[in-house]
Amino acid sequence: MKKILITGGAGYIGSHTAVELWNSGFEPIILDDLSNSNSGVLDGLESITGKRFTFIQGDCNDLAVLEQISKDHHISGVIHFAAFKSVGESTQLPLKYYKNNVGSLLVLLDWMARQEIKDLVFSSSCTVYGQPEVLPVTEATPRQEAESPYGNTKKICEDILVDYVKSKAPIRVISLRYFNPVGAHPSSKIGELPLGVPQNLVPYITQTAAGIREKLTVFGNDYDTPDGSCVRDYIHVVDLADAHIKALSFLSDKTEPFYEVFNVGSGNGNTVLEAIYAFEKVSGQALNYVIGPRRPGDVVKTWADTTKIREVLGWSPKFSLEDSMRDSWNWQKALGERK
Ligand code: NAD
Ligand code: WQD
């Protein structure tokens, strides 16, 4: 069974990807410093798969940690999720973000070369597109000036990978540009665990519905969109996890240095209000929300053209926006029942 190192594997997307890796016949090896997650996720993973995955608590900026992993395991490939992802915090603490998000990739690439590990899937983001002029967004859409240091770390990491592969480094890389990951595993054993006040829409919706937050504020309804609220491409986290399996399998057939970028989204654009209505429909309860002022820096509308990933990787989304809202709500309720 091929072992795949998942950096940041205790996190939201990493943990869901660990399940899909296992279901696809790979053995996940999870490395996480628990800076934005907790080890309880391993119980959830075991409950879903029946397997206690190997977990190493450590910093993927630490070469010694990586070297110990390659002493203990024969690693066939890497999925690099580990990063800080708060747009707001990145504007306050840019060096923290450059050090971790860019620094960890550099350490990882050095280690992979030493260990002759060739396959890497990198977590990028649609944030590199900024506000696209043409929609839906294709991978050929020029990347825009980053809206935040966080977004810039993703652009820089992509540039590092392009230049490294151009240097004929013995590595095969796919960067996946995620749109808006939402939802949770249908088992409600794992899901998103935002620490503190949620920055993202869907956890804020579910925490409002659970009574943890008093109300949701919709950040503006006077945009040039069907109902005035911003448009996003919400992709179920299990669909997103599956894209990583398809990417790894595609890379394993390659023999030469390789780099490609793929959008991962549902291919649909939905407004904030449509997302709220979808939640109200599946939860059977009205959401307490108000319309407030625009959030500075918000992209008005964006959604993915998924032609390339469908045709090249043979991936397509299976879950709908309502499925995402249902699974997020079930996960929120399961959290509330935890002791
Ligand atoms: P997350 O915070 O839930 O997971 C990231 C994990 O990485 C956390 O468990 C954290 O503890 C760990 N980590 C951070 N720095 C580390 C380090 N130096 N060493 C070891 N572990 C470290 O975030 P997520 O939503 O699962 O995002 C995963 C990746 O996807 C990130 O690279 C993020 O930038 C990217 N991404 C996320 C979104 C989103 O909306 N969630 C969208 C686009 C891209
Ligand atoms: C979605 C929509 C808000 C909260 C962010 C990062 C991006 C990526 C994904 C890491 C927007 C609206 C939200 C609320 C609201 N992360 N909203 N009230 O901003 O599209 O993307 O997460 O890579 O880099 O920027 O996601 O969930 O914050 O917002 O009205 O309380 O919901 O204005 O239109 P966003 P989001």
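Note that the structure is a prediction, hence the values are computed from the model and not measured.
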Heavy-atom donor-acceptor pair, [X] side chain to [Y] backbone, under 3.5 Å:
X	Y	result
D62	A64	yes
D233	A304	yes
T127	G151	no
W303	S266	no
S47	D43	no
N288	E214	yes
R172	K254	yes
T7	A82	yes
R232	F179	no
Q131	V300	yes

Is the shortest heavy-atom distance from the side chain of [X] to the side chain of [Y] under 4.5 Å?
X	Y	value
I205	I276	yes
T208	T206	no
Q207	P198	yes
Y204	V197	yes
T271	V231	yes
R114	S70	no
V264	D239	no
V238	F319	yes

Checking side-chain polar atoms at under 3.5 Å, does [X] have a donor or acceptor matched by the opposite partner on [Y]?
X	Y	value
T306	N263	no
S123	Y178	yes
S316	K318	yes
H236	D323	no

Looking at [atom1] of [X] and [atom2] of [Y], how far apart are the two atoms once the value is rounded to the nearest 0.5 Å?
X	Y	atom1	atom2	result
I160	I156	CD1	CD1	7.0 Å
I13	I6	CD1	CD1	12.0 Å
S320	N270	OG	CG	10.0 Å

Hey, any chance [X] and [Y] share a hydrophobic cluster, counting ILVMFWY side chains that come within less than 4.5 Å of each other, even indirectly?
X	Y	result
V128	V162	no
V165	I174	no
I212	L335	no
V237	V121	yes
L287	Y234	yes

Task: From CA spacing to verdict: side-chain contact (heavy atoms from CB on, under 4.5 Å), Q199, V87 - done: CA-CA 9 Å; Q199 302 300 305; V87 170; over 6 Å; no
TODO: Check the pair K3, D72 against salt bridge (charged side-chain N to carboxylate O under 4.0 Å, His left out), reporting the backbone distance first and the verdict last.
DONE: CA-CA 11 Å; K3 292 184 176 184; D72 298 340; over 6 Å; no
Should we count [atom1] of [X] as having more than 12 external heavy atoms under 6.0 Å?
X	atom1	result
D224	CG	no
K96	NZ	yes
K246	NZ	yes

Task: Test log, rule salt bridge (charged side-chain N to carboxylate O under 4.0 Å, His left out), inputs D159 and R143 - done: CA-CA 11 Å; D159 292 343; R143 298 179 310 166; 2.6 Å; yes
- [ ] Verify side-chain contact (heavy atoms from CB on, under 4.5 Å) between N268 and L321, making sure each step is shown before the conclusion.
- [x] CA-CA 9 Å; N268 303 315; L321 178 61; over 6 Å; no
Closest approach of [X] to [Y] (non-hydrogen atoms, all atoms of both residues):
X	Y	answer
T225	K301	CG2-CD, 4.4 Å
A83	K154	CB-NZ, 4.1 Å
G265	P317	O-CG, 4.3 Å

TODO: Answer with yes or no after comparing the ring centroid distance for F258 and F250 against a 6.0 Å cut-off, counting only values under it.
DONE: yes
TODO: Verify the ring-centre separation between F81 and H244: is it less than 6.0 angstrom?
DONE: yes
TODO: Any pair with a residue in residues 13-32 that passes side chain to side chain donor-acceptor pair (under 3.5 Å), sequence neighbours left out, goes on the list, sorted by first then second residue, please.
DONE: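 Of all non-adjacent pairs touching residues 13-32, those that pass side chain to side chain donor-acceptor pair (under 3.5 Å) are D32-S37.
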Open item on the list: Under the criterion side-chain contact (heavy atoms from CB on, under 4.5 Å), I'd like the reasoning laid out for L120 against L108: C-alpha separation, chi angles, the key distance, then a yes or no.
Closed with: CA-CA 10 Å; L120 171 64; L108 194 70; 4.1 Å; yes
Open item on the list: Y259: which residues meet the side chain to side chain donor-acceptor pair (under 3.5 Å) condition with it, sequence neighbours left out?
Closed with: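 Partners of Y259 under the side chain to side chain donor-acceptor pair (under 3.5 Å) test: S175.
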TODO: Mind running side-chain contact (heavy atoms from CB on, under 4.5 Å) on S328 and E192 for me, showing each step along the way?
DONE: CA-CA 8 Å; S328 291; E192 195 167 7; over 6 Å; no
TODO: Quick one: which residue pairs count as a ring pair (Phe, Tyr, Trp, His ring centres under 6.0 Å) with a foot in residues 92-141, not counting sequence neighbours?
DONE: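 Qualifying pairs: F84-Y97.
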